[in-house]
Enquirer: 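Take this structure first; my questions come after.
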There are 2 protein chains.
Amino acid sequence: MSHLPALLQQHFPHLEPALRDELLQKSTHRQLQEGEVVVRTGQFLRSSVLLLSGLLKVYREDEEGNEFLMYFLEPGDACALSMLCAAREEQSAISAQAVTPAQVLLVPLPVTERWLTQYPSWHAFVIGTYRQRFEELLQTLDAVAFKSLDERLLFYLKRHRQVQGDHLKLSHQQIAQELNSSREVISRLLKKLEQRGVLTLHRNFIELHGLA
Amino acid sequence: MSHLPALLQQHFPHLEPALRDELLQKSTHRQLQEGEVVVRTGQFLRSSVLLLSGLLKVYREDEEGNEFLMYFLEPGDACALSMLCAAREEQSAISAQAVTPAQVLLVPLPVTERWLTQYPSWHAFVIGTYRQRFEELLQTLDAVAFKSLDERLLFYLKRHRQVQGDHLKLSHQQIAQELNSSREVISRLLKKLEQRGVLTLHRNFIELHGLA
DNA sequence: ACGCCTCTGTGACAAAAGTCACTGTGACAG
DNA sequence: CTGTCACAGTGACTTTTGTCACAGAGGCGT
């Protein structure tokens with residue numbers, strides 16, 4: 001993986017060089033296939049997860065297998081939960097799955113702990129990560145609490161567009177799952193949106209047009 | 001306020017003595033009346049909030065005045081959001097209101113920033129606070145996303161009991177607001193719970209009995 | 001070509017939640 | 001005592017969402 005240093009520099013420019021060097025030494029690199037699950041609900045975490053390339057989705061699952069999307073992680077992001085849980089070696093409350101092939105660095109918990117005091121840039125990074133995730137979670141919560149399903153669907157599509165562009169490779173079934181609804185309902189709502197000219201439906205993908 | 005040091009020692013025993021001393025010097029003390037709003041949506045925060053006595057509720061409001069309860073803060077807690085927002089002097093996304101008369105300490109942002117590197121116990125406290133709030137928020141999210149209103153009502157009552165005991169001074173209207181529902185619906189559900197023997201309804205308060 | 005499977009569309013119905021309209025009732029001020 | 005007001009209860013109805021049943025359409029292996 002000769003290009004790791006380049007990826008690091010590209011996506012984590014705010015980390016001081018010495019830290020980046022140590023990051024390479026102390027962490028393990030892992031290649032994820034599309035659809036692979038990195039963090040699973042109930043799992044014990046012993047590492048922080050840094051994303052180098054690709055796209056991860058972070059979601060919540062309950063006992064009965066219902067799930068819903070919390071947010072996406074892009075290169076340069078880290079999983080806030082993995083840091084928080086890691087901080088006490090507790091069970092994860094969430095799951096993370098690779099949406100595209102992805103590369104992650106796994107940094108053992110004790111190392112990240114030490115970095116907090118040793119590298120100011122690491123400390124700032126961690127705080128920034130918490131903040132960002134907290135806010136995204138609040139947005140999700142807002143949507144679920146205040147909005148009707150059709151608004152939530154729009155919100156969902158916009159989020160996807162932000163990270164994937166106007167050509168979304170999604171089945172109605174997947175969408176229903178991530179919004180914790182049912183396929184038929186999503187089908188109907190999508191149909192309405194198509195009639196309004198917001199998008200075009202195809203088999204297994206959706207083309208977005210005039211989405212505000 | 002001669003008993004401030006005692007309150008601090010009682011509720012923040014994990015902070016090292018030197019830090020507690022500095023806390024007393026650098027922060028301002030504020031007495032809150034029941035119902036008073038400490039942090040308002042959209043407000044700029046320049047201090048972290050530490051709770052010494054009383055009870056605060058933290059909730060989210062949207063544009064149309066809908067709201068819902070996120071979690072409670074008890075003595076010894078701090079508002080995670082106030083720390084995160086403060087860290088960048090940004091606008092608050094939430095509101096906090098005193099449920100009972102309460103006392104808080106307001107610590108100016110730059111001071112808390114310095115403490116992070118200066119006092120290990122402060123750093124641990126901040127991390128712990130984030131973690132705890134994140135988890136409570138996740139629970140709230142779970143409830144809203146996966147549960148039906150009657151289950152959420154139970155969850156809501158349990159939360160209240162945790163901090164207020166079995167005698168809840170609440171009108172149906174208030175409950176409806178905090179669950180972002182309507183009074184009539186809450187009335188009906190409460191009635192059902194009363195029939196099941198879980199609680200007894202009175203004017204302006206509710207008495208809990210066999211709540212699991 | 002054929003069967004098989006997944007994805008999609010749709011009508012009919014059921015359940016949950018919200019809304020409207022109205023009644024009753026306790027508390028309290030004057 | 002009485003008028004007023006916030007709180008509480010309830011029936012009837014609407015809207016939203018979920019469920020069931022089924023049909024067509026595309027892709028894919030054999």
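The chains referred to below are lettered A, B, ... by the order of the sequence lines, with proteins before strands, and numbering in each begins at 1.
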Enquirer: To the nearest Å, give me how far apart CG (A:L189) and P (C:dT10) are.
Expert: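 About 13 Å, once rounded to whole Å.
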Enquirer: Would you kindly give the CD-to-P distance between B:Q173 and D:dA8, to the nearest whole Å?
Expert: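 In whole Å, D:dA8 P and B:Q173 CD are 9 Å from each other.
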Enquirer: Nearest whole angstrom, please: distance from the P of C:dT6 to the CG of A:L170.
Expert: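 Whole-Å distance recorded here is 19 Å.
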Enquirer: Rounded off to whole Å, could you give me the CD1-to-C1' distance for the A:I175 and C:dT8 pair?
Expert: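 Rounded to whole Å, this separation is 12 Å.
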Enquirer: Salt bridge or not between A:D62 and B:K147? Use side-chain N to carboxylate O under 4.0 Å.
Expert: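 Here A:D62 does not pair with B:K147 in a salt bridge, since their nearest N and O are not under 4.0 Å apart.
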Enquirer: Grab the CD-P distance between B:Q195 and D:dG9 for me, whole Å please.
Expert: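 To the nearest whole Å, that distance equals 11 Å.
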Enquirer: Taking CD from A:E194 and P from C:dG9, how many angstroms apart are they, rounded to a whole number?
Expert: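 Answer to the nearest Å: 7 Å.
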Enquirer: Any heavy-atom pair between the side chains of A:L201 and A:I206 that's under 4.5 Å?
Expert: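 Sidechains of A:L201 and A:I206: in contact.
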Enquirer: Of the nucleotides D:dT19, D:dG11, D:dG9, which has the atom closest to the B:S187 side chain?
Expert: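 Closest nucleotide among those given: D:dG9.
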Enquirer: In whole angstrom, what separates B:K192's NZ from D:dT10's P?
Expert: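 Whole-Å distance recorded here is 13 Å.
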Enquirer: If you only use heavy atoms from C-beta on, which nucleotide in D:dG18, D:dG27, C:dT25 is closest to the side chain of B:R203?
Expert: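 Among the listed nucleotides, the one closest to the side chain of B:R203 is C:dT25.
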Enquirer: Salt bridge check: are B:E34 and B:K169 linked by an N-O gap of less than 4.0 Å?
Expert: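 Answer for the salt bridge query: yes.
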Enquirer: Would you call A:E178 and A:R159 a salt bridge, using N to O less than 4.0 angstrom?
Expert: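 Between A:R159 and A:E178 there is no salt bridge, as every charged N stays at least 4.0 Å from the carboxylate O atoms.
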Enquirer: From A:S53 OG over to A:Q31 CD, what is the distance, rounded to the nearest 0.5 angstrom?
Expert: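 It comes to 6.5 Å.
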Enquirer: Checking all strands, does B:S171 fall into the base, sugar-phosphate, or nothing category for heavy-atom contacts under 4.0 angstrom?
Expert: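 Sugar-phosphate contact only.
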Enquirer: Choose from C:dG9, C:dG18, D:dT19 the nucleotide whose nearest atom is closest to any side-chain atom of A:L201.
Expert: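 Nearest listed nucleotide: C:dG9.
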Enquirer: Counting only heavy atoms not in B:E63, do more than 12 sit closer than 6.0 Å to its CD atom?
Expert: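 More than 12 within 6.0 Å, yes.
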Enquirer: So does B:S181 get a side-chain nitrogen or oxygen closer than 4.0 Å to the phosphate oxygens (OP1/OP2) of C:dA17?
Expert: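 So the side chain of B:S181 is outside the cut-off, no N or O lying under 4.0 Å from OP1 or OP2 of C:dA17.
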Enquirer: When you check the gap from the basic side-chain N to the acidic O, do B:E184 and B:R188 get nearer than 4.0 Å?
Expert: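 Not counted as a salt bridge, because no side-chain N and carboxylate O are separated by less than 4.0 Å.
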Enquirer: Using five base pairs at each end, measure the axis-to-axis angle across the helix from C:dA1-D:dT30 to C:dG30-D:dC1 and round it to 10 degrees.
Expert: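 If I round to tens, the end axes sit 30° apart.
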Enquirer: Would you say the side chains of B:S148 and B:E151 form a donor-acceptor pair under 3.5 Å?
Expert: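 Their side chains do contain a donor-acceptor pair, which is all the 3.5 Å distance test asks for.
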Enquirer: Figure out the CZ/P separation between B:R183 and D:dA6, and round it to whole Å.
Expert: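 Computing the B:R183:CZ to D:dA6:P distance gives 13 Å.
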Enquirer: Please figure out whether B:Q174 or B:V185 has its closest DNA chain D nucleotide nearer the 5' end.
Expert: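 Taking each residue's closest nucleotide, the earlier one in sequence belongs to B:Q174.
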Enquirer: For DNA chain C, which residues of residues 147-156 of chain B approach it to below 4.0 angstrom with any heavy atom?
Expert: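 Heavy-atom cutoff 4.0 Å gives B:S148, B:L149.
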Enquirer: Nearest 0.5 angstrom please: A:Q132 CD to A:I127 CD1, how far?
Expert: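 If I round to the nearest 0.5 Å, the distance is 13.0 Å.
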